[in-house]
Protein chains: 2
Amino acid sequence: MAEKPTLTLDQLLCFSVYSTGHAFNRIYKPLLDEVGLTYPQYLVMVVLWQEDRQTVRGIGSKLFLESNTLTPLIKRLEVAGLLTRERDREDERQVRVVLTEQGRALQQKAADVPDCVFEACGMKLDELVDLTRKLTTLRNALEKSAQ
Amino acid sequence: MAEKPTLTLDQLLCFSVYSTGHAFNRIYKPLLDEVGLTYPQYLVMVVLWQEDRQTVRGIGSKLFLESNTLTPLIKRLEVAGLLTRERDREDERQVRVVLTEQGRALQQKAADVPDCVFEACGMKLDELVDLTRKLTTLRNALEKSAQ
DNA sequence: TGATATTTAATCGTGCACGATTTAAATTAA
DNA sequence: TTAATTTAAATCGTGCACGATTAAATATCA
């Protein structure tokens, strides 16, 4: 059998995704430091700003994360005074995450973050939209393949 | 001033990157379990298979990681018997990472991993190459913007 | 040369991710 | 209605990432 040529990093789609994720983090870090959030915490807040009173599982299904990751993260947001956690009366297994006034107010403080990040991308908006769409399709294919 | 419409996750390029990264990890996990590596460890091995005896800094510059991440990771690979670490004679500040026979042999054991991952992507090769190139461009723009 | 600055790894603390397990509540089946 | 199963959140252990700091070696310069 023929030898495969040695693989290089830049041939790996996964590495371009992995390293771009880190690069995004480095852009977000100083911006989110201003509002006192980490990047995963920011994502949880984005999900809650869109719809309040979601369950841990509901938030997780949007972020592709589970309670083992979310529970400690959400507890930190609770300690920060941005939300409260309450058991669902209808189904006591579920915990509903509820924004505080402070948590809602943070949306305005963080309103400029997306524009700053867009700026750093150095891409035209339509290129960016196209790339987002392609990646979402890829992600869905990968998630499906992993069952 | 006009209110901005509430942001949704799927409008965020960063989230498509972030969640696709996780999805890749879920694909890689069972494949890399077979060869006893984590995904970041696999990347270090890819870098070393391409060129042996690199310094920690050299490896880091390719992976966009620093010694605070790499040193413990590389030590785990050393414990696993895949490499050794030795101080550079010329410059004692530097540590050279050297593959063992076992470390080199692992390249063959992991040879099928990229094909399996490609399969899971459900994309044509030229689409994948194009996406990789666009992400690499984006990453470089972000890294530049972050200084 | 000798003092200062820079560079390289390593260390430490915090916060994700995630597999595996546990606990409690709700659902389904017997 | 009780027993078995499923579901939701939480807990625990391990391994990244990364900011901040430290220690040692090298480079620069007065």
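Numbered from 1 within each chain, the chains take letters A, B, ... in sequence-line order. Just so you know, these numbers use all the heavy atoms, side chains as well, and skip hydrogens, waters and symmetry mates.
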Does any donor-acceptor pair link the side chain of A/Ser67 with the base of D/dA8 at a separation under 3.5 Å?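 Checked by distance alone, the answer is no.
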Residue mapping more 5' on DNA chain D - nearest nucleotide basis, A/Arg85 or A/Ala23: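 Closer to the 5' end of DNA chain D: A/Arg85.
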Between A/Leu73 and B/Leu70, the residue closer to the 5' end of DNA chain C by nearest nucleotide is B/Leu70
Reading DNA chain C from 5' onward, which residue's closest nucleotide shows up sooner: A/Thr69 or A/Arg89?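 Result of the comparison: A/Thr69.
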For B/Val56 against B/Leu70, the heavy-atom pair lying closest together: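 Closest approach of B/Val56 to B/Leu70, heavy atoms only: O-CD1, 3.6 Å.
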Taking every non-hydrogen atom, the tightest pair across A/Arg139 and B/Ala23: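 Where A/Arg139 meets B/Ala23 most closely, the heavy atoms are CG-CB, 4.0 Å.
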So if I take every side-chain heavy atom of [X] and compare against [options], which nucleotide ends up nearest?
| X | options | answer |
| --- | --- | --- |
| B/Thr71 | C/dA10, D/dA17, C/dC16 | C/dA10 |
| A/Arg76 | C/dT6, C/dG15, D/dA9 | C/dG15 |
| A/His22 | C/dA10, D/dA25, D/dC18 | D/dC18 |
| A/Thr38 | C/dG15, D/dA25, C/dG19 | C/dG15 |
| B/Tyr18 | C/dA17, D/dA9, C/dC18 | C/dA17 |
| A/Arg93 | C/dA25, C/dT11, C/dA10 | C/dA25 |
| B/Val56 | C/dA17, D/dA9, C/dA10 | C/dA10 |

Nearest whole Å is fine: how far is [N] [atom2] from [X] [atom1]?
| X | N | atom1 | atom2 | value |
| --- | --- | --- | --- | --- |
| A/Tyr39 | D/dG19 | OH | P | 16 Å |
| A/Glu90 | C/dT27 | CD | P | 10 Å |
| A/Tyr42 | C/dG15 | OH | P | 20 Å |
| A/Asp88 | C/dA25 | CG | C1' | 12 Å |
| A/Arg26 | D/dG19 | CZ | C1' | 12 Å |
| B/Glu66 | D/dA20 | CD | P | 11 Å |
| A/Arg87 | C/dA26 | CZ | C1' | 13 Å |
| B/Asn25 | C/dC16 | CG | P | 17 Å |

Base, sugar-phosphate alone, or nothing: which one does B/Arg96 contact when heavy atoms must sit under 4.0 Å apart?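 Nothing, no heavy atom under 4.0 Å.
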What's B/Asp91 touching, base or sugar-phosphate or nothing? Going by heavy atoms closer than 4.0 Å.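 Sugar-phosphate contact only.
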Heavy-atom count check: over 12 atoms from other residues, nucleotides or ligands less than 6.0 Å from A/Arg57 CZ?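 Atom CZ in A/Arg57 is not crowded, with 12 or fewer foreign heavy atoms closer than 6.0 Å.
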Taking the side chain as every heavy atom from C-beta outward, state whether B/Tyr28 and B/Tyr42 have any atom pair closer than 4.5 Å.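 When only atoms from C-beta onward are counted, B/Tyr42 and B/Tyr28 do touch, with a gap below 4.5 Å.
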Can you find a pair of side-chain heavy atoms, one from A/Leu82 and one from A/Leu37, that are under 4.5 Å apart? yes
For residues A/Phe24 and A/Tyr39, establish whether the separation of their ring centroids is below 6.0 Å.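 Centroid distance A/Phe24-A/Tyr39: not below 6.0 Å, so no.
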Output yes when at least one side-chain N/O atom of [X] is less than 4.0 Å from OP1 or OP2 of [N], else no.
| X | N | value |
| --- | --- | --- |
| B/Lys75 | C/dT11 | yes |
| A/Gln41 | C/dC16 | yes |
| A/Arg57 | D/dA8 | yes |

